[in-house]
There are 2 protein chains.
Amino acid sequence: MVQYLNPPLDLSFAALSDATRRGIIDQLGRGDASITSLADQFQMTLTGMKKHVQVLERAGLVVTQKVGRVRTCKLGKRGLKAEAEWIEAHRKLFEARFEALDEIISEMKREGSDD
Amino acid sequence: MVQYLNPPLDLSFAALSDATRRGIIDQLGRGDASITSLADQFQMTLTGMKKHVQVLERAGLVVTQKVGRVRTCKLGKRGLKAEAEWIEAHRKLFEARFEALDEIISEMKREGSDD
DNA sequence: TAAATACTGAACCATCTGGTTCAGTTTATA
DNA sequence: TATAAACTGAACCAGATGGTTCAGTATTTA
């Protein structure tokens with residue numbers, strides 16, 4: 001058996017699998033925001049929004065800081081590097097597979113039906 | 001409120017959030033495989049593996065075809081384009097944010113403490 | 001044609017998810 | 001100092017997830 005463990009990828013892909021959370025990232029790209037303002041924008045309770053932000057925080061995509069009674073959320077420095085790398089590496093795998101198929105198909109066309 | 005809906009991204013990011021499923025993609029990059037061979041490699045019941053493959057199939061990342069009693073799994077033509085695009089677009093957002101911060105910091109250093 | 005192989009579907013299970021409400025606590029503001 | 005604002009935590013809920021077992025069906029193979 002082969003082991004494929006990468007907890008940070010698990011957490012960040014899971015975080016990105018929800019449209020609201022992708023929207024929060026979008027929003028934070030336009031400027032830092034409080035839990036309240038995010039909750040307003042996404043028409044959700046404060047508690048609900050807090051949970052989403054926590055998911056993003058555990059994935060390292062967002063960092064928060066509480067000053068006074070306001071918790072400000074911003075994009076994390078960690079960014080999406082690891083995710084981009086996984087995706088790009090595997091895009092190549094996908095493409096390589098199709099090239100291999102294309103070769104086989106061309107081969108078959110050249111030789112008639114074989115194998 | 002803003003609406004951020006993109007069902008395919010939901011499905012594919014969710015599919016990618018599991019290490020076993022990322023491993024299956026890895027494996028299919030090295031060649032097509034039956035449910036049985038995947039179940040062996042990942043030490044899982046056939047039924048369990050079938051579910052994982054179904055998740056990947058619904059996300060469009062894998063296609064399968066049953067010939068005789070064997071179901072062969074291969075990487076889907078759809079690939080990871082949409083996912084790569086989302087990630088790249090948002091990596092830029094992350095970076096832009098930090099550049100903005102850097103500017104503010106430099107500004108503050110130049111002018112002493114202000115604002 | 002009998003036995004083995006490969007899959008499939010239903011049912012179950014514990015845990016996680018995406019939301020809620022309600023009852024606090026802490027911090028500003030009038 | 002009383003009230004409002006912003007958050008927090010616990011508890012609940014329905015439904016999804018990641019696995020399992022068990023009982024089939026369909027297809028090879030001996």
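Residue numbers start from 1 in every chain, and the chains themselves are labelled A, B, ... in the order their sequence lines are given, proteins ahead of strands.
- Remark: B:Gln54 pairs with no residue by the side-chain hydrogen bond (donor to acceptor under 3.5 Å, both in side chains) rule, at least two apart or across chains.
- Note: CZ (A:Phe13) to C1' (C:dC16) measures 20 Å, nearest angstrom.
- One finds a side-chain N or O of A:Lys50 lying less than 4.0 angstrom from the OP1 or OP2 phosphate oxygen of D:dG9.
- Distance B:Arg71 CZ to C:dT5 C1': 16 Å, rounded to the nearest Å.
- Under the side chain to side chain contact (heavy atoms under 4.5 Å, CB included) criterion, A:Arg91 pairs with A:Ile87, A:Glu88, A:Glu95, B:Leu80, B:Lys81, B:Ala84, not counting sequence neighbours.
- Atom OG of residue A:Ser34 and atom CG of residue A:Asp40 lie 7.5 Å apart, to the nearest 0.5 angstrom.
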Once each nucleotide of nucleotides 15-30 of chain D is scored for protein heavy atoms under 4.0 Å, what B/S/- sequence comes out, 5' to 3'?
---SBBBB----BS--
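- Straight-line distance from the CD1 atom of A:Ile35 to the C1' atom of D:dT8: 10 Å, rounded to whole Å.
- Listed by chain and residue number, A:Pro8, A:Ser12, A:Leu61, A:Glu83 satisfy the side chain to side chain contact (heavy atoms under 4.5 Å, CB included) test with A:Arg78 (two or more places apart in sequence, or in another chain).
- For B:Thr72, the side chain to side chain contact (heavy atoms under 4.5 Å, CB included) partners at least two apart in sequence or on another chain are B:Asp32, B:Val70.
- Residues forming a side chain to side chain contact (heavy atoms under 4.5 Å, CB included) with A:Ala82 (at least two apart in sequence, or on another chain): A:Leu9.
- As rounded to whole Å, 14 Å separates atom C1' of C:dG19 from atom CD of A:Gln54.
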